[in-house]
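Letters A, B, ... are given to chains in the order of the sequence lines, protein chains preceding strands, and every chain is numbered from 1.
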Amino acid sequence: MKSKLSAESNYDVLELSGEIDLHYSPQLREMILGSLKNGNSLLINMAEVSYIDSSGIASLVEGFQTAKTANLSYGLLTISSPALEVLTLTRLDRVFTLYDTIEQFQSQL
Amino acid sequence: MENTSAISISNLDVDYGSRRILSNINFDIREGEIMVIMGDSGSGKSTLLRTMLGLKKPSAGHIKMLGTDICHASQKELYKLREKMGVAFQGGALFTSMSVTENIQLRLREHTKLDENTIQIMTRIKLDMVNLLPYENLMPSELSGGMKKRAALARAIIMDPKLLFFDEPSAGLDPITSAELDNLIVMLKETMRMTIVVVTHELESVFAIADRIAILGDGELIQVGTPEEIKSSTDERVINLLNRTPRENIVDGDVHLQRLTRDNQ
Ligand SMILES: Nc1ncnc2c1ncn2[C@@H]1O[C@H](COP(=O)(O)OP(=O)(O)OP(=O)(O)O)[C@@H](O)[C@H]1O
Ligand SMILES: [Mg+2]
C-alpha cells in the first residue's frame, strides 16, 4: 500500500494505492482516525486500490462511524472496481457515500 | 497471473499403515480457481486434503503450496504458509466452550496485533457474509447443522486467506442454504481472489462452482478437467460417479429398470 495525506482548506484528502491487507490496515486506520481527530472532514481517493481485504474495510468502517459521531464529512472518491466489488460483497456500498468527483464532495461540505 | 499454480502435487503416495490410500497423484491447482475434488466415499478425498494441509505425511512425492514444498519446509515456513490458509473441515468442529463470535475471532487474536475495533468489525463483516450476524453470541450447541457449517466458513475466511479448503460444505443442507453457500464460495473467489479447494458429493454444487474438477477413485486420480470435460468423459468410473443421481431425479423408467437389473461387475 502507498498513501498520501494532503490538506485542503476545509478537508483532508487521503490517496491510497496498491494492496491494502492485514499488514497495512493498522497504518490506514491511524491515518484516517488521525485526520478525523484533528476535526477535519476526509475524502479518501481509492482509484488506485488494486486489492483491499476485510481488515482494510474494517478501518474504513471505523473511520466512517467516527466521522458520523463527530459530525464530519467522510467520502470515498472514484473507487476502483476491485475495491467496489469487495464493498458490494460486504454490502457496504450502501453504507459509505461514494463520489465520482471532488466537486460532488465539496458541494455537500 | 491466471495460470500460475497455487498448489502443485507431484508423484504423491499416501498410506495408512500398510494400506495405500492414494497412489501417484499428480495435478496442479491454479491461482484463483475453484477446484472441486470428487470421488466415492472412502476414495481418499479427505486424506488428500489432510495431506495438503500438512496434517498427514505422504510416503512419497511433493506438495508445493504458494511456492513452498510443505514436505521439506521449516516450522517457520509452515507457520507463514498457514497464515495464508483457511480450512473448514468435514464435521466443522467449532470449540464448544466459545461463542460463535469467539470461535471466529480466535485466529485474529492469536496471529495478529490488530486493534480491538478492527477485530470486532472484521468479525461482523464475516458473520454478515454467512448470515449469522443475529446469532453472534450463541454457543455452538445452540446452532443448527447449516448454521454450524456457515460459522465454520466464517472462521475459515476470517484472515482473508489466499487458499481456502472446504470439506463437504453443503452435505446435509437444504437446497436453498446449499445454493447460498455455493454463491458465497464463488463470490470469495471472484471478489477476494481466493484459490479454493472444495470436496463435495453434491453434483449440483459441483457444477455450480467448479472451474475444474479432480476425480479420485481406486486410490488414483482418474481425471482432472473442466466441468464440460468431466461431463463428456468416456471413463466409466467418471460416468458412474456423475450418474449417481438423487432418487427424485430418476425419471426414465427404462433407465431405472436397467439400474436395478444390470449385472454386477
Ligand atoms: N485415520 C485413519 N486411519 C486409517 N485409515 C484411514 C484413516 N482415515 C481414513 N482412512 C482410510 O482412508 C481411506 C480414505 O478415507 P477418506 O476419509 O480420505 O475418504 P473420503 O473420500 O473423504 O470419504 P467420504 O466421502 O466418506 O468423506 C478410507 O479407506 C479410510 O478407511
Ligand atoms: Mg471425507
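Only the side chain of B:R193 has a heavy atom closer than 4.5 Å to any heavy atom of chain A. Heavy atoms closer than 4.5 Å to chain B are found nowhere in A:T88, neither backbone nor side chain. Heavy atoms closer than 4.5 Å to chain A are found nowhere in B:K113, neither backbone nor side chain. Interface remark: B:I157 contributes no atoms to any contact with chain A (heavy atom separation under 4.5 Å). If you measure heavy-atom distances from B:M122 to chain A, the contacts under 4.5 Å come from both the backbone and the side chain.
Partner of B:D160 under the side-chain contact (heavy atoms from CB on, under 4.5 Å) criterion, chosen from A:I57, A:D53, A:D21, A:I52: A:D53.
The two residues A:Y51 and B:M192 have their closest heavy-atom pair at CE1-O, 3.8 Å. Summarising the geometry of B:E190 relative to A:E85, their closest heavy-atom pair is O-OE1, 3.7 Å, with the distance given to 0.1 Å. Listed here is the closest heavy atom pair of B:L114 and A:S55: CD1-CB, 4.4 Å.
When the shell of 6.0 Å around CD of A:E103 is examined, it contains more than 12 heavy atoms from other residues, nucleotides or ligands. Within 6.0 Å of atom CD1 in A:I102, 12 or fewer heavy atoms from other residues, nucleotides or ligands are found, so the atom counts as exposed in its surroundings. Within a 6.0 Å radius of CD in B:E77, more than 12 heavy atoms belonging to other residues, nucleotides or ligands are found. More than 12 heavy atoms of other residues, nucleotides or ligands sit less than 6.0 Å from atom CZ of A:F96. Atom CZ of B:F165 has more than 12 heavy atoms from other residues, nucleotides or ligands within 6.0 Å. The environment of B:K64 atom NZ is sparse: at most 12 non-hydrogen atoms of other residues, nucleotides or ligands sit within 6.0 angstrom.
No other option in B:L108, B:I125, B:T112 has as many heavy-atom pairs under 4.5 Å with chain A as B:I125. Put simply, of A:T90, A:L22, A:L92, the one with the most heavy-atom pairs under 4.5 Å next to chain B is A:L22. With respect to chain B, the highest number of heavy-atom pairs below 4.5 Å among A:S54, A:A58, A:P26 belongs to A:S54.
Put simply, CG on B:N117 and OG on A:S59 are 10.0 Å apart, with the number rounded to the nearest 0.5 Å. Once rounded to the nearest 0.5 Å, the distance linking CD of A:Q65 with CD1 of B:I121 reads 8.0 Å. Note that CG of B:D115 is 9.0 Å distant from CD of A:E30, once rounded to the nearest 0.5 Å.
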